[in-house]
Amino acid sequence: MTELQKKNYKIAALFFFLYFFAFSLMLFPHFSLDTFDFYAHNGYEGDLINGRAAAYIINLLFLGTDIYQMSWLMTVLAVIFLTLSSVIIYSKIEQASGKNSLIIAAAVAILFCNTFMADVFQFNSGCHNITLGILFASMALKQNLSLKNLCASAVLLFIGLSFYQAVLGYYVAMSLVLIYFSHDCNLTLESVKDSLKIIFVACAASLACFLELRFLQITEIVYASPRTGAITFNILIQNLRQIYGLLIEKILPTANTTYPQYILPIFLFVIYAVLLYSMIKKRAKSRDYVYSALIILVSTAAVFAPHIFTTSIWTSQRSIFSFWSILTIPVLFIEHWRGDSLKKLLYGIAILILSVNIVCMVNMQASLLSSNKIDQEISYLIQSRIDEYEHQTGNKIKTIAFRNDNDPTWAYKSIDYSGYDFAVRSYTPSWGAGVSLIEYFNNRSYERRPMTNAEYNEFFQRKNWNIFSLDEQLVFFRDTLYMVSY
């Protein structure tokens, strides 16, 4: 075994144990809003509807398996895929930059060991697919941009996008960084040409993914969801304005609700100040500043590109997880420009960012597990009332009609963190995820349907609750349970 191979194995072990530790709570059985939808629809059809054909195909392999009890396996697979992706990116950046430093490893770790990736790991029916998509996007990274390599990159990226479209941001950001180092951080005609090649590959793979989805819709294999309908110029402008608003109001101030307020802006201020100081000290030319800024801006734009071309925007953490490149890229740039100084400071900044992320991630995961247990207990309580009704009346409950009250509660009061789809009460979503919970944990099967407004008025007089009540929120009539979620 060569010294290079030994070093790569050590780096791989470092990544693996870091990710294993950071996501370790997801080894325990847990569920997201989609987990039991997997059982109800013989695989998660939402993947196919949203243009993720590769993810849909992979999940067919898990039909008939207990995804909830196999949470540990899905988590381990996701950790392995992230580890492989990290090693690939690390090796390519190390080769392109000529640097042999743990700073590079730390920068790559920030890319994946963060609160946005924690959102991915809640989906035991999808985390393996999303991280596999990241692996394909990482394999698409090429330093030699020959026509053959560009074609290979386009195919690999297309496969990655077919797992999860948000991996586009990783490919664009890390490819531009490779070009940056390959050209010794100089803005030249050649570096511009190579950068445009990367943009072309990203556009080509994205277009192929879009055409694949349109084919599925035209042939009526899937229907157009609210996210994948027809796009107009007005919708594009509206999306851009909405993304800008979210960036300023939520994503930057609180790391999209996952950080205490203003911690992320402080990190950004410090790290970009250090980058600026490093470049000034090395007497960088004006075009060096322009080149560095362009890479960061284009990489950030790539994070939100998949959202721009949708008819409805839902910027959950997982859907913009490559956003953390805005911290990874400057760390890598500082490593180039700093010379022999600032090494300890850079280590300190990277370790602090990773530490804060891990603390927040553990809190998020603990909140998810706690929310899951409350949901599970409620499913037992509801089933006990069903059993009691069936025993007393002789009627067999066949259908559950469900709806929310007029002001539904999305998270339990005792939960430390809940945001977007993370640690949300399973009984609140309009598609009846709570019914799936009742079925799974009690080994029962029910027909489900939304409750009509007339039924809501008749049985519940349009009441609004702030707490769970078995007596008031469950009404039995013949073979149907009418259930309202507070």
Side-chain angles (χ1 to χ4, degrees), residues 33-34 46-53 55 115-116 119-120 126 130 133 137 157-158 160-173 176 198-218 222-258 264-265 268 293-326 410 419-422 424 429-431:
L33 295 178
D34 292 344
D47 282 328
L48 200 59
I49 292 168
N50 289 317
R52 301 162 193 161
T115 53
F116 289 17
D119 186 30
V120 171
I130 295 174
L157 181 58
F158 167 71
L161 295 174
S162 294
F163 278 105
Y164 200 65
Q165 291 92 336
V167 305
L168 178 73
Y170 287 125
Y171 171 77
V172 172
L176 293 178
I198 295 302
I199 302 302
F200 176 79
V201 168
C203 291
S206 299
L207 178 61
C209 197
F210 173 80
L211 293 175
E212 176 192 49
L213 176 60
R214 281 291 179 259
F215 171 79
L216 293 173
Q217 292 173 345
I218 291 171
V222 300
Y223 60 86
S225 74
R227 298 183 189 177
T228 61
I231 303 297
T232 65
F233 179 75
N234 287 337
I235 289 176
L236 290 176
I237 298 301
Q238 179 182 324
N239 288 349
L240 287 170
R241 289 174 177 169
Q242 189 174 344
I243 288 170
Y244 175 77
L246 288 167
L247 191 63
I248 299 302
E249 297 170 12
K250 186 179 290 186
I251 298 172
L252 285 173
T254 64
N256 214 18
T257 76
T258 64
L264 180 58
L268 290 170
L294 282 174
I295 289 178
I296 293 166
L297 288 173
V298 173
S299 298
T300 304
V303 173
F304 298 100
H307 291 277
I308 295 172
F309 297 97
T310 59
T311 49
S312 66
I313 290 180
W314 182 247
T315 53
S316 60
Q317 295 89 355
R318 67 189 177 278
S319 71
I320 55 171
F321 50 20
S322 61
F323 173 80
W324 287 87
S325 63
I326 69 168
W410 288 91
Y420 286 92
D421 302 317
F422 198 94
V424 170
S430 59
W431 62 86

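Note: hydrogens, waters and symmetry copies are ignored here, and every other heavy atom, side chains too, is used.
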How long is the straight-line distance from [atom2] of [Y] back to [atom1] of [X], given to the nearest 0.5 Å?
X    : Y    : atom1 : atom2 : result
C209 : L157 : SG    : CG    : 9.0 Å
N256 : S319 : CG    : OG    : 7.5 Å
L297 : L176 : CG    : CG    : 11.5 Å
I235 : I313 : CD1   : CD1   : 10.0 Å
D421 : D34  : CG    : CG    : 7.5 Å
I308 : Q242 : CD1   : CD    : 11.5 Å

What's the shortest heavy-atom distance between [X] and [Y], and which atoms?
X    : Y    : answer
V303 : P306 : O-CD, 3.7 Å
P253 : L247 : CD-O, 3.8 Å
I320 : F116 : O-CD2, 3.6 Å
L213 : I49  : CD1-O, 3.5 Å
V167 : I130 : CG1-O, 4.3 Å
S162 : E212 : OG-OE1, 3.7 Å

Problem - Y420 backbone acceptor or donor facing Q317 side chain under 3.5 Å - result: no
Exercise for the section: Please assess F304 against N239 for the test side chain to side chain contact (heavy atoms under 4.5 Å, CB included), listing each intermediate value before the final yes or no. Expected result: CA-CA 10 Å; F304 298 100; N239 288 349; over 6 Å; no
Handout entry: Y170 and its ring pair (Phe, Tyr, Trp, His ring centres under 6.0 Å) partner, picked from F321, Y164, F323, F163
Key =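 Checked F321, Y164, F323, F163 against Y170; only one passes ring pair (Phe, Tyr, Trp, His ring centres under 6.0 Å): F321.
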Tell me, do [X] and [Y] make a side-chain contact under 4.5 Å, heavy atoms counted?
X    : Y    : answer
L252 : L268 : yes
L236 : F309 : yes
Y171 : V201 : yes
S299 : I326 : no

Practice task
Would you tell me whether H307 and T315 have side-chain atoms, one donor and one acceptor, within less than 3.5 Å of each other?
Solution key: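 The criterion, which ignores hydrogens and geometry beyond distance, is not satisfied for T315 and H307.
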Exercise for the section: Consider only side-chain N and O atoms of Q238 and R241, and report whether a donor and an acceptor are under 3.5 Å apart. Expected result: no
Handout entry: side chain to side chain contact (heavy atoms under 4.5 Å, CB included) between V298 and I199, intermediate numbers included
Key = CA-CA 9 Å; V298 173; I199 302 302; 3.9 Å; yes
Fill in the blank from the handout: From the list I243, L264, T257, L246, side chain to side chain contact (heavy atoms under 4.5 Å, CB included) with I251 holds only for L246
